[in-house]
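In each ligand, atom 1 is the first atom listed, and ligand 1 is the first ligand listed.
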Amino acid sequence: MTANATRPEPHAAAQAPRGEQRLRFAVVGPSGRMGQQVCALVGAASDLTLACRVGVEGEPAAQTLLAVDAAIDRGDLAPLDVLVDFSHRSAVAGHAEFCARRGVAWVLGTTGLEAADQAAVDAAAARTLVFQAANFSIGVALLLDLAARAARVLGVDADVEIVESHHHHKVDAPSGTALAIARAVAGARGQALDEVVRHGRQGLVGARSRGEIGMHALRLGDIVGHHELHFGWPAEGLVLTHDARDRAVFAVGAVRAARFAASQRRAGAVGRVGMAELLAGA
Ligand code: NAD
């Protein structure tokens with residue numbers, strides 16, 4: 001966690017009402033970078049119980065999903081409300097089957113899914129509540145929301161440029177988040193992104209065409225993730241900026257998503273939701 005550990009997160013979700021049973025969490029990949037942070041947040045929350053840590057065979061302080069399943073059958077482990085999953089795509093199908101069969105809400109942050117993995121996610125969403133997000137930052141979710149609103153209001157005549165900065169180890173460009181921002185703008189303006197996106201500019205590229213969305217990537221230092229969305233039109237301009245300074249923002253957002261998913265699931269909800277639904281309920 002960053003800065004002031006004693007001060008609650010400004011965007012932390014409301015705690016469960018007094019007297020309500022604590023939400024029971026299972027966390028996958030407890031020794032992974034994300035899993036460690038999620039375990040720490042759940043362990044520190046007065047309304048949540050870290051019921052079990054789910055890991056690969058031999059992972060310290062973790063049980064395999066098979067062992068967790070058997071413990072629930074024997075009655076050694078009380079039923080779970082939610083499984084928080086930042087692991088690996090190879091685990092997705094097994095987690096999908098478990099959550100669907102047990103009716104456990106599933107918060108899925110694992111990325112790099114193949115088509116068959118996503119099909120398993122969608123099948124699980126027919127039987128339980130699946131909260132899937134490629135980026136659990138509340139700030140990025142808000143940025144996407146604001147981007148679409150600004151694009152709708154300003155229309156296709158406003159020039160749009162997206163500039164993203166990341167640490168010098170990042171191997172792909174543009175970032176997934178920059179692409180999500182571009183999709184939000186294009187979608188709001190009724191454009192097909194592939195037809196209007198322009199990656200970088202060099203040489204005699206000619207005048208900017210109407211509706212173009214420019215994308216630019218900076219790679220330097222240890223920047224966790226910085227995104228700027230620029231709108232320009234005659235005599236005015238607007239810049240929306242998001243800065244991620246610590247990977248902890250993803251864990252904070254995932255725990256907030258898990259509270260939301262577990263509560264919705266207790267009320268009987270099924271389906272696939274994401275950050276847009278979380279913001280809509282805020
Ligand atoms: P990591 O390598 O640090 O941790 C991965 C964890 O998953 C480890 O504990 C590992 O033992 C466990 N694991 C691997 N295979 C498994 C399997 N088959 N079954 C159960 N557990 C398994 O990785 P990380 O940085 O924590 O990221 C994990 C995933 O989350 C990646 O896909 C990453 O891209 C994604 N991620 C998503 C967000 C988001 O906001 N959605 C943010 C950060 C990372």
message: Is the contact between A254 and ligand 1 made by the side chain, the backbone, both, or neither, using heavy atoms and a 4.0 Å cut-off?
response: neither
- request: For H227 and S175, test the side chains for any donor-to-acceptor distance below 3.5 angstrom and give the result as yes or no.
  value: yes
query: Got a sec: does the CG of L66 have more than 12 other heavy atoms crowding it under 6.0 Å?
result: no
- request: Could you tell me whether the side chain of R210 and the main chain of D157 form a donor-acceptor pair under 3.5 Å?
  value: no
- request: Please write down residue, atom name and distance for the protein heavy atom closest to atom 39 (C) of ligand 1.
  value: A134 O, 3.4 Å
query: Which residue holds the protein heavy atom closest to atom 22 (C) of ligand 1, what is that atom called, and what is the gap in Å?
result: V56 CG1, 3.6 Å
- prompt: Counting from 1, what ligand 1 atoms have a heavy atom of S90 closer than 4.0 Å?
  reply: 18 (N)
message: I'd like to know if the side chain of H167 pairs up with that of D222 as donor and acceptor (distance under 3.5 Å, no hydrogens or angles considered).
response: no
query: So which protein heavy atom does atom 38 (C) of ligand 1 come closest to, and at what separation?
result: F86 CE2, 3.6 Å
query: Judged by atom type as modelled, is there a donor-acceptor pair below 3.5 Å linking the side chain of E277 to the main-chain atoms of G274?
result: yes
statement: If you compare G109, S137, G29, G58 by their heavy atoms, the one closest to atom 37 (C) of ligand 1 turns out to be G109
query: How far is atom 34 (O) of ligand 1 from its nearest protein heavy atom, and which residue and atom is that?
result: T111 OG1, 2.6 Å
message: If we only consider heavy atoms of S31, is any one of them less than 4.0 Å away from an atom in ligand 1?
response: yes
query: Should P30 be counted as touching ligand 1, given the test is an N or O pair under 3.5 Å?
result: no
message: Using a plain distance cutoff, I'd like to know if H88 has any nitrogen or oxygen under 3.5 Å from a nitrogen or oxygen of ligand 1.
response: no
- prompt: Quick one: does S263's side chain have a donor or acceptor within less than 3.5 Å of a partner on R259's backbone?
  reply: yes
- request: Give yes or no for whether the N/O distance cutoff of 3.5 Å, strictly under, is met between M34 and ligand 1.
  value: yes
message: Check this for me: does any side-chain nitrogen of one of R201 and E212 sit under 4.0 Å from a carboxylate oxygen of the other?
response: yes
- request: Might you work through the side-chain hydrogen bond (donor to acceptor under 3.5 Å, both in side chains) test for T49 and R22, ending with a clear yes or no?
  value: CA-CA 6 Å; T49 296; R22 288 154 66 109; 3.0 Å; yes
message: I'd like to know if D81 pairs up with R265 as an ion pair, taking the criterion as any Lys NZ or Arg NE/NH1/NH2 lying under 4.0 Å from an Asp or Glu carboxylate oxygen.
response: no
- prompt: Considering only the protein, which heavy-atom contact is closest to atom 18 (N) of ligand 1, and what is its distance?
  reply: A91 CB, 3.4 Å
- request: Note the single closest protein heavy atom to atom 3 (O) of ligand 1, along with its residue, its atom name and the distance in Å.
  value: R33 N, 2.8 Å
message: Counting only nitrogen or oxygen atoms and a 3.5 angstrom limit, does A133 reach ligand 1?
response: yes
query: Counting both backbone and side chain atoms, is some N or O of F136 under 3.5 Å from an N or O of ligand 1?
result: yes
task: May I ask you to check if ligand 1 and G32 share an N or O to N or O distance below 3.5 Å?
output: yes
task: Step by step, work out the side-chain hydrogen bond (donor to acceptor under 3.5 Å, both in side chains) result for E59 and S31.
output: CA-CA 8 Å; E59 189 164 347; S31 50; 2.5 Å; yes
query: Is there a chain of hydrophobic side chains (I, L, V, M, F, W, Y, each step under 4.5 Å between heavy atoms) that links V140 to L193?
result: yes
- line: Looking at H95, M275, E59, the heavy atom closest to atom 9 (O) of ligand 1 belongs to E59
field: Protein contact of atom 31 (C) of ligand 1 - nearest heavy atom, named by residue and atom, plus distance
entry: S87 O, 3.9 Å
- prompt: Is E97 paired with R127 through a side-chain N to carboxylate O contact shorter than 4.0 Å?
  reply: no
message: Tell me whether G35 has any N or O atom under 3.5 angstrom from an N or O of ligand 1.
response: no
- prompt: Touching ligand 1 at all, R247? Heavy atoms, strictly under 4.0 Å?
  reply: yes
query: Checking side-chain hydrogen bond (donor to acceptor under 3.5 Å, both in side chains) for the pair H216/E161: CA distance, chi angles, key distance, verdict?
result: CA-CA 8 Å; H216 312 275; E161 300 279 317; 2.5 Å; yes
field: Atom indices of ligand 1, in the order listed, that fall short of 4.0 Å to a heavy atom of F250
entry: 40 (O), 42 (C)
